[in-house]
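Take a look at the structure below.
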Amino acid sequence: MNLDSLLRGEIEQAITALFGKAPESIQLQPTNPEFEGSHTLVCFPLSRLSGKNPAETATTIGEYLVAHSRLVARYQVVKGFLNLILHDHAWIETLQSIYGQADYGIQPPTGEEIMVEFSSPNTNKPLHLGHLRNNFLGWSVSEVLTANGYKVHKVQIINDRGIHICKSMAAWTLYGEGETPESANIKGDHLVGNYYVMFDKAYRAQVTALIEKGVPEEQAEKEAPIMQLASEMLRKWEDKDPETVALWEKMNGWVYDGFDVTYRAMGVSFDKLYYESQTYLLGREIVLKGLEEGIFFRKDDGSVWVDLREEGLDEKVLLRADGTSVYMTQDIGTAVLRFNDFPNIVGQIYTVGNEQEYHFKVLFLILAKLGYDWAHRCYHLSYGMVDLPSGKMKSREGTVVDADDLIAEMVDEAEKQTRELGKVEEMSNEEARALYRMIGLGALKFFLLKVDPKKRMLFNPNESIQLQGFTGPFIQYTHARIRALLRKAEAAGIKGAVEGLENPTLEAAERDVVIVLSSFPEKVREAGATYSPAIVANYVYELAKSYNQFYQSIPVLSEADTARVRFRVALSEAVGRTIRTAMHLLGIDVPERM
RNA sequence: GGGCUCGUAGCUUAAUUGAAUAGAGCAUCUGACUACGGAUCAGAAGGUUGGGGGUUUGAAUCCCUCCGAGCCCGCCA
């Protein structure tokens with residue numbers, strides 16, 4: 001039982017006793033820092049129950065709580081707000097409970113399983129900044145859900161077939177001269193991406209040339225020889241032409257080798273991979289069955305549709321007139337396949353950009369219409385685009401920020417600043433390199449995760465590279481400093497303990513840290529319920545800040561009272577552990593020294 | 001044409017189940033102990049929450065309207 005729910009119980013009991021009726025809800029919020037106290041009861045809604053004005057209501061409840069509650073020491077009424085000041089022993093007990101939990105804030109497994117899909121790239125070009133937001137989000141949400149008791153299965157669907165990869169294949173066939181990642185000494189995904197760019201260039205030149213010859217634009221786009229080659233490759237691939245399939249496998253293989261390197265650098269991994277080439281034909285039978293059952297309908301030309309007008313949407317095609325699948329059909333098939341692969345999952349989270357909101361709305365409605373009861377537990381974790389100061393990223397205009405380049409830049413910057421501060425003199429090269437990586441990646445992840453996922457965000461390269469203020473390294477630094485303090489304590493034979501205080505009162509700065517510390521489990525729950533790592537990021541920043549205030553104003557080890565020293569060591573240890581746990585939820589490691 | 005999202009300090013953002021003087025970071029300016037790590041801390045300045053109207057004891061938050069930005073509505077994926 002935590003402090004919040006104990007207090008709520010006492011307040012409810014007080015109101016019932018005073019006014020003869022239980023309140024519908026208790027509005028308990030953190031007290032504004034400018035006032036004394038930790039919890040504030042909003043009394044405006046209670047005045048109807050009490051028959052008094054809000055301030056009188058607050059006073060009445062305050063008096064009652066001071067007389068009857070074990071927790072409430074004093075109160076102050078400001079307008080209709082009842083600010084509660086708790087006994088310090090309540091905070092000391094709270095810290096004692098936190099200190100005793102090795103995995104404070106983490107819920108034990110509930111037995112429920114859930115699937116999280118993220119990344120899901122095309123195989124014709126390397127990963128970019130947008131993928132970084134996607135991957136970090138998907139990874140962090142997976143960690144947050146795990147902390148809420150779920151067993152999480154992380155998956156991605158790799159879009160390995162279609163005209164996009166055939167474009168790279170066509171360009172390589174024409175201009176590649178047998179080039180390979182080894183011969184060119186380029187990462188495979190970048191090499192294939194280069195040919196994709198080459199395709200686009202050649203294609204546009206050919207279209208322009210045709211238009212100049214008087215061919216209408218639309219026709220020119222179809223007749224451009226390189227496009228014809230790509231289309232032919234797609235047809236041959238679908239006919240399983242051995243030569244085409246071999247080339248496709250070779251080039252996708254290069255891309256996967258490249259992706260592996262990038263994923264390792266990002267620190268993400270997956271439990272299972274799905275490939276579109278293996279799933280794109282699924283879904284057709286489900287749709288045909290739905291047609292038989294009258295859930296879908298057929299138009300005169302033979303195409304199959306779903307009517308979503310009753311749901312406020314329109315009609316959507318599910319099978320073309322020639323009987324082949326569309327994107328939506330594939331997604332229906334993949335969803336059902338996954339529930340067959342993982343029969344115990346209660347739902348799926350799709351980490352996909354917000355431009356596909358309409359698509360997923362339709363997908364989930366269709367799955368519900370088909371009678372899958374898990375359809376209502378499918379969720380589109382929709383995130384906003386990452387813009388650059390120059391505007392939108394456009395691959396054609398070469399304004400895309402490459403994931404590998406960006407990670408390397410961040411690590412370089414971390415190295416530069418760490419060296420300037422002269423912090424690595426006692427480290428081996430290996431240790432130092434691991435540290436630069438931890439800091440650079442921590443800065444990048446924190447920068448992308450601290451903003452509400454739903455919001456479109458601006459990526460300013462100069463600012464993201466900052467290591468001061470509201471950043472990952474600020475929090476990593478706080479952790480490293482706590483660890484240094486604890487090492488010193490240990491060397492002096494001092495062990496943390498939340499007991500034996502002769503005078504059980506706390507300094508304001510100590511109390512503030514415990515107050516922030518105590519809200520961690522609620523933040524984890526909230527982050528899980530809203531699929532928002534930003535809540536954890538904001539929380540851990542607040543925690544680090546309140547600890548730093550404590551650290552600057554109160555000595556820990558050079559205090560005469562031994563019990564007090566042990567208390568502060570325990571407090572520091574609890575904060576250090578909570579920072580580590582919270583940062584872990586964001587996919588960020590914290591160092592012992594930096 | 002229809003639908004969805006967003007607009008908060010110079011910049012990046014928090015608070016959106018309605019609650020106190022809208023909270024931070026960056027940038028700018030001032031300051032920090034013979035205590036443990038200054039990637040820190042204390043302070044100053046910076047806001048008609050895009051404009052207007054409405055509901056409410058109370059609005060950044062809910063409703064209407066206007067202005068501005070973006071996305072979606074394809075037998076593409």
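Proteins come first, then strands; the chains are lettered A, B, ... in the order of their sequence lines, and each starts at number 1.
- F118(A) and Y350(A) have their aromatic ring centers separated by at least 6.0 angstrom.
- The CD atom of E526(A) sits 11 Å away from the C1' atom of U17(B) (whole-angstrom rounding).
- Residue side chain N32(A) does not reach the base of A19(B) through any donor-acceptor N/O pair under 3.5 Å, judged by distance alone.
- Atom-to-atom, CD of E34(A) to C1' of A22(B) comes out at 11 Å; the value is rounded to the nearest Å.
- For an aromatic pair to be called close, the ring centres must be under 6.0 Å apart, and F447(A) with F459(A) satisfies this.
- Atom OH in Y383(A) sits roughly 16 Å away from atom C1' in G70(B) (whole-Å rounding).
- With hydrogens and angles left out, the side chain of K423(A) and the base of A39(B) share a donor-acceptor pair within 3.5 Å.
- A sub-4.0 Å separation between OP1 or OP2 of C36(B) and a side-chain N or O of R487(A) is absent.
- In the set C36(B), G7(B), A20(B), A20(B) carries the atom at the smallest distance from any side-chain atom of T40(A).
- Remark: the T471(A) side chain and the A39(B) base include no donor-acceptor N/O pair separated by less than 3.5 Å.
- Remark: R133(A) is not positioned above the aromatic ring of Y383(A), lacking an NZ or CZ atom under 6.0 angstrom from the ring centre and at most 45 degrees off the axis.
- Atom name C1', nucleotides A45(B) and A35(B): the rounded distance is 32 Å, in whole Å.
- Searching all strands for a Watson-Crick or G-U wobble partner of C4(B) with both distances below 3.5 Å returns G70(B).
- Within the 4.5 Å cutoff, no side-chain heavy atoms of L84(A) are placed close to those of T40(A).
- Protein atom NZ of K316(A) is 13 Å distant from nucleotide atom C1' of G2(B), rounded to whole Å.
- Nucleotide U61(B): unpaired (no Watson-Crick or G-U wobble partner with both distances less than 3.5 Å).
- Taking the C1' atoms as reference points, A24(B) lies 25 Å from A69(B), given to the whole Å.
- Base-pair partner of G46(B): not found among the strands shown (Watson-Crick or G-U wobble, both distances under 3.5 Å).
- The separation of C6(B) from U13(B), taken at their P atoms, amounts to 14 Å, rounded to a whole angstrom.
- I554(A) comes within contact range of at least one nucleobase, with a heavy-atom separation under 4.0 Å.
- Here A39(B) sits opposite no nucleotide as a Watson-Crick or G-U wobble pair (both hydrogen-bonding atom distances under 3.5 Å).
- Atom pair K454(A):NZ and C72(B):C1' shows a separation of 18 Å (rounding to whole Å applied).
- Across the P atoms, A20(B) and C36(B) are found 41 Å apart, a figure rounded to whole Å.
- Q476(A) places a side-chain N or O within 3.5 Å of a backbone atom of M438(A) that can act as its donor or acceptor partner.
- In the set A20(B), A14(B), A77(B), the nucleotide with an atom closest to the side chain of Q330(A) is A77(B).
- Across all strands, E542(A) comes closer than 4.0 Å to no nucleic acid atom at all (heavy-atom distances).
- S553(A) comes within 4.0 angstrom of a base, heavy atoms only.
- Counting non-hydrogen atoms under 4.0 angstrom, D314(A) reaches the backbone sugars and phosphates but no base.
- The phosphate of U13(B) has neither OP1 nor OP2 within less than 4.0 Å of any side-chain N or O from Y541(A).
- Note that K450(A) lies in the cation-pi zone of F470(A), set by a 6.0 Å cut-off to the ring centre and a 45° limit from the axis.
- Regarding contacts with the backbone of G58(B), every side-chain N or O of K79(A) stays at 4.0 angstrom or more from both OP1 and OP2.
- Nucleic acid contact for T478(A): none, since no nucleic acid atom lies under 4.0 Å from a heavy atom of the residue.
- Heavy atoms of A489(A) sit nowhere under 4.0 angstrom from any nucleic acid atom.
- With hydrogens and angles ignored, no donor-acceptor pair under 3.5 angstrom links the side chain of Q468(A) to the base of U40(B).
- No cation-pi contact links K316(A) to W305(A), judged by a cut-off of 6.0 Å to the six-membered ring centre and 45° from its axis.
- At the heavy-atom level, L485(A) lies under 4.0 Å from base atoms of the strands shown.
- Aromatic rings from F81(A) and F35(A) are positioned such that their centres are separated by 6.0 Å or more.
- Checking U56(B) for Watson-Crick or G-U wobble geometry (two distances, each under 3.5 Å) identifies no partner in any strand.
- Taking the side chain of D452(A) as heavy atoms from C-beta on, and the options A39(B), U57(B), A14(B), the nearest nucleotide is A14(B).
- The CD atom of Q549(A) sits 12 Å away from the C1' atom of A24(B) (whole-angstrom rounding).
- Summarising the geometry, the separation between CZ on F81(A) and P on G58(B) is reported as 13 Å, rounded to the nearest angstrom.
- Among the nucleotides C71(B), A39(B), A77(B), the one closest to any side-chain atom of Q356(A) is A77(B).
- Stacking of the aromatic ring of F470(A) onto the base of A24(B) is not found under the criterion of centres within 5.5 Å and planes under 30°.
- Contacts of M457(A) with the nucleic acid, taken as non-hydrogen atoms under 4.0 Å apart, involve only primed sugar atoms and P, OP1 or OP2.
- The side chain of V326(A) lies closest to A77(B) when the candidates are A77(B), A20(B), A39(B).
- Spacing between U48(B) and U8(B) at atom C1', rounded to whole Å, works out to 12 Å.
- Heavy atoms of F474(A) sit under 4.0 angstrom from primed sugar atoms or phosphate atoms, though from no base atom.
- Residue P45(A) places its side chain closer to A19(B) than to any other of A19(B), U13(B), G74(B).
- For the P atoms, the distance from C62(B) to C4(B) is 14 Å, rounded to whole Å.
- Atom CD in Q417(A) sits about 13 Å away from atom C1' in C26(B), given to the nearest Å.
- Residue R320(A) places at least one side-chain N or O closer than 4.0 Å to OP1 or OP2 of A77(B).
- For H380(A) and F364(A), the gap between ring centers reaches or exceeds 6.0 Å.
- Taking only side-chain atoms of N548(A), from C-beta outward, the nucleotide of C36(B), C73(B), U40(B) with the closest atom is U40(B).
- For Y327(A), the listed nucleotide lying nearest its side chain is A77(B); candidates were A77(B), U13(B), C4(B).
- Here Y477(A) does not count as stacked on G37(B), because the ring centres are not under 5.5 angstrom apart with planes under 30°.
- Distances from the side chain of Q27(A) to the nucleotides G38(B), A39(B), A19(B) place A19(B) closest.
- Among A20(B), G37(B), A35(B), the nucleotide with an atom closest to any side-chain atom of R481(A) is G37(B).
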Derivation and outcome, side chain to side chain donor-acceptor pair (under 3.5 Å), residues Y75(A) and E36(A):
CA-CA 9 Å; Y75(A) 71 91; E36(A) 201 188 354; over 6 Å; no
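- When heavy atoms are screened at a 4.0 angstrom cut-off, N122(A) is found touching no nucleic acid atom at all.
- Using a 4.0 Å heavy-atom distance criterion, L318(A) is classed as making no nucleic acid contact.
- The base-pairing partner of G25(B), taking Watson-Crick or G-U wobble contacts with both distances under 3.5 Å, is C11(B).
- Contact annotation: Y358(A) side-chain N/O to C72(B) OP1/OP2 distance is not under 4.0 Å.
- Checking the phosphate oxygens (OP1, OP2) of G25(B), no side-chain nitrogen or oxygen of Q466(A) falls inside 4.0 Å.
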